[in-house]
Structures are given as C-alpha cells and as structure tokens.
Amino acid sequence: QLLASGGGLVQAGDSLRLSCAASGLGLPFNMYNMGWFRRAPGKERGFVAVIRWSGDNTYYADSVKVRFTISRDNAKKTVYLQMNSLKSEDTAVYYCAAGLRHSSDYRNYGYWGQGTQVTVSS
C-alpha cells in the first residue's frame with residue numbers, strides 16, 4: 001500500500017512537502033517509478049510529477065515545473081513532493097502512485113495512495 005501524508009491548509013506563496021511511504025508492493029520499491037497526481041474540485045485527475053525507479057530522471061507537468069520537486073529515498077521506501085510558491089490553483093487532493101512505466105498516464109500505475117488534501121488560500 002501507499003500512505004500519503006503532509007497535506008494541509010496554507011497561504012498562497014507558502015511551501016509544503018508531501019510524503020508517500022510504500023509497503024507491501026508486489027515488487028521491491030526500487031523497481032517502481034513513482035508518480036504524483038492530483039484531483040482538483042470539479043476536475044479530473046491530473047498528472048503532477050514522476051520519478052524513475054533509480055531517481056535519476058524526473059518529469060513534471062508544465063503547471064508545476066520549477067515550483068515542485070519530486071524525489072525519493074529507496075532505503076526508506078518513500079517518495080516526496082516538495083511544493084514551493086503554492087497557488088490557489090494547486091488546491092487538490094494529491095495522490096501518489098507506483099507503476100512499472102515512467103509515465104504521466106495514470107493508467108500505467110497499479111498502486112495508489114489514499115490521497116492527501118492540499119488547500120491553498122489566496
């Protein structure tokens with residue numbers, strides 16, 4: 001399973017760091033590419049960022065590029081999303097996911113966390 005944490009209510013311009021701890025996956029954690037997705041109110045789930053299993057390749061949605069940083073600690077089986085300069089449009093439930101493809105398509109992820117709410121007030 002994937003357990004996401006770190007969400008909360010912040011002001012525009014603030015920072016937050018989300019964490020996602022993995023356990024019980026079918027393969028070792030360091031074989032999975034890890035992604036972050038989000039669902040804003042009234043919108044479909046959207047891609048945020050992905051990091052390769054090795055940690056040496058990342059890819060971001062244009063809307064978060066430069067402001068967000070995805071990272072992972074394979075020893076701790078945890079992936080992080082550092083979010084800086086938050087905007088009201090970043091308000092969403094954030095989900096972490098594990099998959100065997102380095103992909104921005106949610107259909108390539110077989111494991112999902114429960115989501116953590118991020119609310120940014122302007």
Side-chain angles (χ1 to χ4, degrees):
Q1 65 176 6
L2 300 174
L3 184 62
S5 62
L9 172 63
V10 297
Q11 303 270 3
D14 285 351
S15 298
L16 273 178
R17 188 174 84 152
L18 305 183
S19 299
C20 174
S23 64
L25 300 179
L27 297 172
F29 176 75
N30 61 12
M31 293 184 70
Y32 287 99
N33 301 293
M34 298 298 297
W36 285 97
F37 294 78
R38 65 187 181 185
R39 188 191 298 272
K43 295 187 178 180
E44 295 187 353
R45 176 173 34 187
F47 168 74
V48 176
V50 59
I51 185 167
R52 193 178 294 277
W53 58 270
S54 56
D56 63 352
N57 188 286
T58 58
Y59 178 66
Y60 298 90
D62 287 343
S63 59
V64 306
K65 203 174 293 184
V66 176
R67 299 187 298 121
F68 289 12
T69 301
I70 188 172
S71 61
R72 66 189 295 160
D73 185 333
N74 284 342
K76 293 183 178 179
K77 299 180 183 179
T78 301
V79 62
Y80 305 97
L81 185 68
Q82 177 67 43
M83 306 185 294
N84 298 329
S85 302
L86 283 162
K87 304 176 181 180
S88 58
E89 51 261 46
D90 294 319
T91 294
V93 178
Y94 284 72
Y95 300 90
C96 58
L100 298 179
R101 289 191 176 185
H102 189 249
S103 172
S104 60
D105 187 339
Y106 71 89
R107 294 170 294 182
N108 287 315
Y109 293 82
Y111 294 93
W112 289 85
Q114 85 289 3
T116 184
Q117 176 70 48
V118 173
T119 303
V120 184
S121 63
S122 57

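Counting begins at 1 with the first residue of the sequence.
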For S15 and Q82, what are the C-alpha separation, side-chain angles and deciding distance, and is it a side chain to side chain contact (heavy atoms under 4.5 Å, CB included)?
-> CA-CA 7 Å; S15 298; Q82 177 67 43; 3.9 Å; yes
Give a yes or no on whether R52 atom CZ has more than 12 heavy-atom contacts from other residues, nucleotides or ligands under 6.0 Å away.
-> yes
With side chain to side chain contact (heavy atoms under 4.5 Å, CB included) as the test, would you mind laying out the steps for T91 and Q117 before giving the verdict?
-> CA-CA 8 Å; T91 294; Q117 176 70 48; 4.1 Å; yes
Can you hop from W53 to F29 via hydrophobic side chains spaced under 4.5 Å?
-> no
Atom pair CG (D90) and OG (S63), whose distance is rounded to the nearest 0.5 Å = 7.0 Å
Step by step, work out the salt bridge (Lys or Arg N to Asp or Glu O under 4.0 Å) result for K65 and D62.
-> CA-CA 5 Å; K65 203 174 293 184; D62 287 343; 3.0 Å; yes
Side-chain hydrophobic cluster, 4.5 Å single linkage: members besides V50 | F37, F47, Y59, V93, Y95, Y106, Y109, W112
How close do N108 and S103 get, heavy atom to heavy atom, and via which atoms?
-> ND2-OG, 2.8 Å
Got a second to check how far R72's CZ is from C96's SG, nearest 0.5 Å?
-> 11.5 Å
Heavy-atom closest contact (L100 atom, M31 atom, distance) | CD2-O, 3.8 Å
Closest non-hydrogen atom pair between A12 and S122, with its separation = CB-CA, 4.2 Å
Tell me, do R67 and Y60 make a side-chain contact under 4.5 Å, heavy atoms counted?
-> no
Heavy-atom count around K76 NZ within 6.0 Å, excluding the residue itself: above 12?
-> no
Nearest non-hydrogen partners of L18 and M83, listed with the distance = CG-CE, 3.7 Å
Value rounded to 0.5 Å, distance of SG in C20 from CD in Q1 = 10.0 Å
Please lay out, stage by stage, how D73 and Y80 fare under the test side chain to side chain contact (heavy atoms under 4.5 Å, CB included).
-> CA-CA 8 Å; D73 185 333; Y80 305 97; 4.1 Å; yes
D14 side chain vs L9 backbone, donor-acceptor pair below 3.5 Å = no
Going through the checks in order, is the side chain to side chain contact (heavy atoms under 4.5 Å, CB included) test met by R38 and V118?
-> CA-CA 9 Å; R38 65 187 181 185; V118 173; over 6 Å; no
Heavy-atom nearest pair, L2 first then A97, reads CD1-CA, 3.7 Å
Taken to the nearest 0.5 Å, the spacing of L81 CG from T69 OG1 works out to 8.0 Å
Minimum-distance pair of heavy atoms, taken over all atoms of Y94 and V48 | CE2-CG2, 4.3 Å
Residue set satisfying ring-ring contact (aromatic ring centres under 6.0 Å, His included) with Y111, at least two apart, ordered chain then number -> Y32
Roughly how far apart are Q114 CD and L3 CG, rounded to 0.5 Å?
-> 5.0 Å
Please tell me if the side chains of L25 and K77 come closer than 4.5 Å, counting only heavy atoms from C-beta onward.
-> no
